[in-house]
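Just so you know, ligand 1 is whichever comes first in the structure, and atom 1 is the first atom listed for that ligand.
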Amino acid sequence: MSTAARVHDLNPPEDRAREPFDVARIRAEFPVLQECIYGKPLVYLDNAATTQKPRAVIDAIVGFYTHENANIHRGVHYLSEQATMAYEGSRNRVREFLGAGESAEIVFTRGPTESVNLVANAWGRRHLKPGDEVVITGLEHHSNIVPWQMACAATGAVLKVVPITDEGEVRLDDFAATLSDRTRFVALSHMSNALGTINPVKEMTALAHERGAGVLLDGAQSVAHLDVDVVDLDCEFFALSAHKIYGPTGTGILYGKRDWLERMDPYQGGGDMIETVTFEHTTYAALPHRFEAGTPNISGAIGLTRAIDFVDRVGIKAIARHEDGLLAYATEVVSAIPGVRLVGTAPRKGAIVSFVLEGVHPHDIGTLLDLEGVAIRVGHHCAQPVMDRFGLPATARASFAVYNTRDEVDILVAGLEKVRKVFS
Ligand code: PMP
């Protein structure tokens, strides 16, 4: 990731000591944040599910369909060449953002779900053997569990799960103890969407490599909050989602080391992933196109470029500092509400506060807060094993982004106080 571009430039120098940037100016870039819900200003605290989109991302998508729309790669006409340049330019922008060595290692997918399925199918089903072990953690999103269960069922490999502590952490010694000489692959969440825990993935990757295993990092939650450099992390694969980093839905990325991608079969067959086709035999396109069958989400890739530009302009370190401040404040004031219990209290966390309120079902919390204009997520967060670990059916989850404020945390707390009164 280019650090030079990561310098925030939004505040005059005297303000920088107080706030990493001017949040009001950032908020003005997000049209939806000006909306009212039931007559109340929207307080959007469901960012771990999806972030809102800045005007630049929306304009880029509208601009593509207004001025440039054409299919890519196959056309010789002007618009097709423009669209191809924009799409491949986006691939290069993602490469730079992730610190990857070459664009051939950046595969466009529909999202992290498809990225993990791609690896579990194209690598897992080809290389896993009966008795091999695949290691995941107790923190994973369903999209980093189910594809591995399916690959293990198809190959006879065994799925091993590293337990999590009462704080919602994966301890390195528990991780090391789960690895064995039979471990062929490790799939880890970088940051938990249910609890916010940030895993020490660099150390975990090094431990997995000592056993000769490959590593996939699920970066769905982390890229919007942490400075990610895939070469420094040394992971074999990294999955991310455009829509959780201020970009559009339906677009994601799989980064893969070239030598690993080269040892994988294509995941899907069709147009654009071939070199030659006869009824007898097909040869496949070079990386990364062999993993991108069919017409991709072209406007999604273009929107992702603008989202990365936005993050780089504000600066990922400044974003992290702002969100860490919100997390510390929200943790303090939400946990001070009588009857609230935080779920997930790891020392290293992203800006997610998961909690339960005694005597109130999380769905009731979500419904009543909605009437106050406050959007949070309630449920199992596609992480049912995490809920099982804590003996809960669901939690309420407030998750923060670059545009959230302390005032919004106060509105959340006032809403929770109302909920408490209704149910007392
Ligand atoms: N992993 C994590 C940690 C997530 O938070 C999510 C989305 N909630 C996913 C994977 C799946 O992302 P998507 O639905 O965009 O494929």
On the ring face of Tyr284, is Arg290 found with NZ or CZ under 6.0 Å from the centre and within 45° of the axis?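 No, cation not above the ring by the 6.0 Å, 45° rule.
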
Hey, would you say the Tyr87 and Phe108 ring centroids sit under 6.0 Å apart?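 They qualify: ring centres under 6.0 Å apart.
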
Pairs touching residues 361-393 that satisfy ring pair (Phe, Tyr, Trp, His ring centres under 6.0 Å), sequence neighbours left out: His142-His380, His361-His363

Distances for all N or O pairs of ligand 1 and the protein under 3.5 Å?
{"unit_1": "ligand 1", "atom_1": "1 (N)", "unit_2": "Asp218", "atom_2": "OD1", "d": "3.3"}
{"unit_1": "ligand 1", "atom_1": "1 (N)", "unit_2": "Asp218", "atom_2": "OD2", "d": "2.6"}
{"unit_1": "ligand 1", "atom_1": "5 (O)", "unit_2": "Gln221", "atom_2": "NE2", "d": "2.7"}
{"unit_1": "ligand 1", "atom_1": "8 (N)", "unit_2": "His141", "atom_2": "NE2", "d": "3.3"}
{"unit_1": "ligand 1", "atom_1": "8 (N)", "unit_2": "Lys244", "atom_2": "NZ", "d": "2.8"}
{"unit_1": "ligand 1", "atom_1": "15 (O)", "unit_2": "Ser241", "atom_2": "OG", "d": "3.3"}
{"unit_1": "ligand 1", "atom_1": "15 (O)", "unit_2": "His243", "atom_2": "NE2", "d": "2.8"}
{"unit_1": "ligand 1", "atom_1": "16 (O)", "unit_2": "Thr113", "atom_2": "N", "d": "3.0"}
{"unit_1": "ligand 1", "atom_1": "16 (O)", "unit_2": "Thr113", "atom_2": "OG1", "d": "2.6"}

Thr205 and Asp234: side chain donor to acceptor below 3.5 Å: no

What residue pairs, at least two apart or across chains, pass salt bridge (Lys or Arg N to Asp or Glu O under 4.0 Å) with a residue in residues 105-128?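 Every pair satisfying salt bridge (Lys or Arg N to Asp or Glu O under 4.0 Å) with a residue in residues 105-128: Arg126-Asp265.
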
Output side-chain donor-acceptor pairs under 3.5 Å for residues 55-69, partner residues at least two apart or in another chain, one line each.
{"unit_1": "Tyr65", "atom_1": "OH", "unit_2": "Ser299", "atom_2": "OG", "d": "3.2"}
{"unit_1": "Thr66", "atom_1": "OG1", "unit_2": "Val62", "atom_2": "O", "d": "2.5"}

